[in-house]
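This is a predicted model, so every value here is computed, not measured. Counting starts at 1 for both ligands and their atoms, in listed order.
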Amino acid sequence: MAEPFRIRPASAEDAAALAGLERRCFSDPWSAEAFRATLDTPGGGGFVAEAGAGPAGYVLTLNAGRVAEILNVAVAPEYRLRWLARRLVAEAVASLEGEGVREMFLEVRESNAGALRLYEGAGFGRIGRRRKYYRQPAEDALVLRRPPAPAEAAS
Ligand SMILES: CC(C)(COP(=O)(O)OP(=O)(O)OC[C@H]1O[C@@H](n2cnc3c(N)ncnc32)[C@H](O)[C@@H]1OP(=O)(O)O)[C@@H](O)C(=O)NCCC(=O)NCCS
């Protein structure tokens with residue numbers, strides 16, 4: 001079967017559509033303004049997966065030079081468990097590495113087993129915890145890090 005998703009870089013013009021998808025995916029969603037501000041910030045970026053009429057998923061990132069953060073990943077409920085998030089994260093990681101990023105960090109709700117599996121599959125490992133980092137509901141965040149590729153680690 002032909003792959004229905006088209007993955008492309010995100011831009012500030014996507015903010016309203018991404019916020020709409022975000023509201024379907026998170027109990028404490030980002031606003032359209034938060035998406036716009038991040039995508040307009042130097043170093044802010046990400047990728048959108050399109051399917052038919054609107055976005056099926058996205059990943060949002062912040063590149064700070066040698067270090068970057070994965071800010072958010074979401075896939076619409078009807079497109080889950082088809083490895084779309086895996087593709088989006090792989091695309092973001094490859095893009096950031098291409099820009100010179102060596103290590104990446106992110107936070108994830110401790111109870112979010114699906115996201116933890118996604119990130120651990122993408123090379124992230126647990127390095128810490130932020131107590132009561134999230135609201136609605138309050139929950140600890142696990143902090144994950146993706147270390148530099150082995151060939152670079154020694155340099
Ligand atoms: C988490 C989320 C992005 C995963 O999207 P997805 O496209 O369904 O994920 P994928 O199909 O790419 O799955 C990637 C891996 O995670 C696993 N996984 C995904 N969701 C899972 C779940 N609910 N339970 C267990 N494993 C899960 C998959 O089996 C797959 O594992 P594999 O690589 O070993 O086969 C999606 O469920 C979502 O949008 N959730 C709400 C928002 C959210 O929690 N985002 C992350 C915040 S940090």
Inset, instruction - Could you list the atoms of ligand 1 found under 4.0 angstrom from a heavy atom of R86? - result: 12 (O), 32 (P), 33 (O), 35 (O)
Legend entry - Separation of L62 CG from L106 CG (nearest 0.5 Å): 13.0 Å
Inset, instruction - Distance to 0.1 Å, residue and atom name: give those for the protein heavy atom nearest to atom 8 (O) of ligand 1. - result: L81 N, 2.7 Å
Legend entry - Atoms in ligand 1 flagged as close to A74, the criterion being non-hydrogen separation under 4.0 Å: 39 (O)
Inset, instruction - Considering only non-hydrogen protein atoms, determine which one is nearest to atom 35 (O) of ligand 1 and report residue, atom name and distance to 0.1 Å. - result: W83 NE1, 3.0 Å
Legend entry - Residue list, ring pair (Phe, Tyr, Trp, His ring centres under 6.0 Å) with Y79, at least two apart or on another chain: F5
Legend entry - Sub-4.0 Å heavy-atom contact, A113 with ligand 1: no
Legend entry - Qualifying residue for salt bridge (charged side-chain N to carboxylate O under 4.0 Å, His left out) with R146, from E120, E97, E69, E103: E97
Legend entry - Part of Y119 with heavy atoms under 4.0 Å of ligand 1, whether side chain, backbone, both or neither: side chain
Legend entry - atom 47 (C) of ligand 1 [closest protein heavy-atom partner, distance rounded to 0.1 Å]: F26 CE2, 3.7 Å
Legend entry - Per-atom contacts of ligand 1 with C25, taking only distances under 4.0 Å to non-hydrogen atoms: 41 (C), 42 (C)
Legend entry - Nearest-neighbour protein heavy atom for atom 45 (N) of ligand 1, which is reported as residue plus atom name and distance: V73 O, 2.7 Å
Legend entry - Residue part near ligand 1, for N112, under 4.0 Å between non-hydrogen atoms: side chain
Inset, instruction - Among all protein heavy atoms, pick the one closest to atom 5 (O) of ligand 1 and tell me residue, atom and distance. - result: A85 CB, 3.2 Å
Legend entry - Exceeds 12 heavy-atom contacts within 6.0 angstrom, atom CD of E78: yes
Legend entry - Electrostatic pair R8-D14, nearest N-O below 4.0 angstrom: yes
Legend entry - N112 and E139: side chain donor to acceptor below 3.5 Å: no
Inset, instruction - Select one of side chain, backbone, both or neither to describe which atoms of R82 lie under 4.0 Å from any atom of ligand 1, heavy atoms only. - result: backbone
